[in-house]
Amino acid sequence: MPCGYPCARHLAIPRLASLLAWAVLLTLLAMPAPAAERPELHVLIDVSGSMKKTDPENLREPALRLLGDLVPEESRVRLDLFGSRITSVLPASEATPETKRAMRQAAARVRSDEPYTDIPAALDAANGDWGEETARNVILLSDGKVDISPDEAVNARATARLRAEVIPALIDAEVQVHTVALSEGADQAILTEIAERTGGLALSARSNEDLQRVFLALFEATAPRTGVPLVDNRFRVDGSISELTLVVFRAEDADPTRIQIPDGGEIDIEIAGTLADWRWDDSAGRDLITVRDPPAGSWRILAAEDPDNRALVITDLKLAMSGVPSRIFPGEVVDGTLVLTNHGEPIVEPRLTRDIEANVAAHDPQDTVIEALELNDIGADPDVLGGDSRYDFRLRLDGDTGIYTLEGRASGPTFERVIRRKIALARLAPFEARVVRPHLAAYDADSGEETSEPNAQLIIEQDVALLDPRDSRLVARVECRNDEPTGVEVPLDRARNRVALPPTGAGDCRVVGEVIGTTRDGREVSLPLDASIPAPPVPKLVDAPATDQPDDEAKPREPGEPGGPTVTAILIGLAGLAALTVFGLIWGALVRRRRKQLIEAARH
């Protein structure tokens, strides 16, 4: 039937609404993406007396100088020392050149003279004076445990307060705490719990040399800087770079490091000391070299190659990586983005972007590349929207627990940029799943029907210390080899959830999907679930009541023995045959007798 005016009017309204919705969506997509939050670091350094033994050479000092040199200028930093009390060394400040110089100088105030280690009070103090719209991070370095009194009962109450009050307050303030255990005697369990519950990294330094690499890893997890790629210790400086920082690790017996500059000359620490634009710190088994206004061209580090060597730059042409958390769970999907900017503005002009190549690679804890992706900004997979200066990528890490590195690169005819982010892969997912079937007691002997419900049930137990059950849900499907998939979507609002699954046959069946939720530190996660469904149990007939038998009759017999299974079967067979023969003779006699009676009746 044709649609008249009233029908057309009703159709036009939803069509108009749909067009408006698309217009709003396209407008939003066309808007520049919001800039990533500025990093903010509040650093807590343990200065208790036990550090005299743990860190006798006071390598906390050069580690802080390393952090002070590497922290990007767009970030905020704060430094506190703690033991029995809290000593504010550097208030929260913008990381200007003056602030970074003050941080390097403040490192000289690190000591080891406090009698106790009040970790709860230190975290309370660090959780404050945050800047607006910053990514909040605390770095906690300690060699001890919660130790505020010689009375262990007092220490136990302080630990309980840390778990029940201090950590939840950090989570509410969206603070990630990254912990560094600086000795075998450190309370690794409590430091790991602090990091895991707040979404941070839990690292350890088992030697003095480890501490420098640990601080580099923390820097790349919290406030990474744009760099240039190092290939065979060679790199290229372009004209937009105003400052170059080199981090070079060296073995204890290695020759002094030298740097070859574009004109072919070589600079060592002695020569650098005479140059106004060079600063060289060679302490703690590494060289930290900063060069202002470095000449453009090809440079080379004349030293052994090391996977932790870095060439970082201050430049107007920057590469950033966003959307990457510090800690993820096994199998979790990471949706990240590389963003290339010039003077703070995204590079979107086609004449510039068409010559840009971008990629991202994931390195495992042994620095082996486990996945590499070519990226684009033209809207082709995995890019979401073309022409927005964002190179989107999607990775799923599922391997051994440890610290992984995501390395993003972008290059054009006149420049190369690299950015690295450290990411911790947790030991376990924050939930456990298994499929069970209710016990099938018996089948009804008369009807042959089941007497109890055979459908499988999915049991999901969440770690509510990590996942907020108010926001968790299951989105899955039941897949059987010979049947169409059946969808299952239910909330998971308890620590222990029991989900009834649709009926399945005896074929190979699985429940496959995702547990979607929110971590206690406010991060949305999508975690894979794949569990096999056991086949229905084989039905059993109800057994007849057992009768009492003499012990000698109940005793099992070997085949061939008198009364054994073989002899019994033969006897039963013969008895049956004899019975059939007798029945046949009787039946024949009856038939003949009845026939004779009918004939005689007919004659009369």
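Hydrogens, waters and symmetry mates play no part in the numbers below; they use all other heavy atoms, side chains included. Nothing here was measured: the structure is a model prediction, and the numbers come from that model.
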Residue pairs passing the ring-ring contact (aromatic ring centres under 6.0 Å, His included) test with at least one member in residues 106-143, sequence neighbours excluded, are His42-Trp130
Minimum heavy-atom distance between [X] and [Y], given as atom pair plus value:
| X | Y | value |
| --- | --- | --- |
| Leu397 | Ala362 | CD2-CB, 4.0 Å |
| Glu371 | Arg396 | OE1-O, 4.2 Å |
| Ala372 | Val369 | CB-CG1, 4.4 Å |
| Glu73 | Ile314 | OE2-CD1, 3.7 Å |
| His363 | Ala361 | CD2-O, 3.8 Å |
| Leu182 | Leu141 | CD2-CD2, 3.7 Å |

Reported [atom1]-to-[atom2] distance for the pair [X] and [Y], which is rounded to 0.5 angstrom:
| X | Y | atom1 | atom2 | answer |
| --- | --- | --- | --- | --- |
| Ile45 | Ser142 | CD1 | OG | 10.0 Å |
| Leu375 | Leu338 | CG | CG | 5.5 Å |
| Thr368 | Tyr404 | OG1 | OH | 10.5 Å |
| Ile148 | Asp118 | CD1 | CG | 5.0 Å |
| Asp521 | Leu170 | CG | CG | 11.0 Å |
| Thr257 | Ile289 | OG1 | CD1 | 6.5 Å |

Would you say the side chain of [Y] lies within less than 4.5 Å of the side chain of [X], judging by non-hydrogen atoms?
| X | Y | answer |
| --- | --- | --- |
| Lys422 | Ser326 | no |
| Val360 | Tyr391 | no |
| Val175 | Thr198 | no |
| Leu527 | Phe431 | yes |
| Gln462 | Arg494 | no |
| Leu123 | Ile194 | yes |
| His178 | Leu140 | no |
| Phe393 | Val324 | yes |

Kindly write out the residues that satisfy salt bridge (charged side-chain N to carboxylate O under 4.0 Å, His left out) with Arg111, not counting sequence neighbours, or none if the list is empty.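 Arg111 satisfies salt bridge (charged side-chain N to carboxylate O under 4.0 Å, His left out) with Asp113, Glu114 once adjacent residues are dropped.
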For Ser149 and Asp151, which I'm curious about, is there any donor-acceptor pair between the side chains at under 3.5 Å?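 No.
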Could you point out which residue of Lys100, Arg78, Arg38 forms a salt bridge (Lys or Arg N to Asp or Glu O under 4.0 Å) with Glu94?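 For Glu94, the salt bridge (Lys or Arg N to Asp or Glu O under 4.0 Å) test succeeds with only one of Lys100, Arg78, Arg38, which is Arg38.
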Check [Y] with [X], please: is the shortest side-chain N to carboxylate O separation under 4.0 Å?
| X | Y | result |
| --- | --- | --- |
| Arg161 | Asp124 | yes |
| Asp468 | Arg470 | yes |
| Asp69 | Arg279 | yes |
| Arg310 | Glu220 | yes |
| Arg420 | Glu407 | yes |

Do other residues, nucleotides or ligands put more than 12 heavy atoms under 6.0 Å from the CD atom of Glu193?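 Enclosed: over 12 neighbouring heavy atoms sit under 6.0 Å from CD of Glu193.
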So, Thr54 side chain and Ser50 main chain: donor-acceptor pair closer than 3.5 Å or not? yes
With sequence neighbours left out, write down each residue that passes side-chain contact (heavy atoms from CB on, under 4.5 Å) with Ala202, or none if nothing qualifies.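 Testing Ala202 for side-chain contact (heavy atoms from CB on, under 4.5 Å), a comparison that skips the adjacent residues, returns Thr179, Thr192, Ala195, Arg327.
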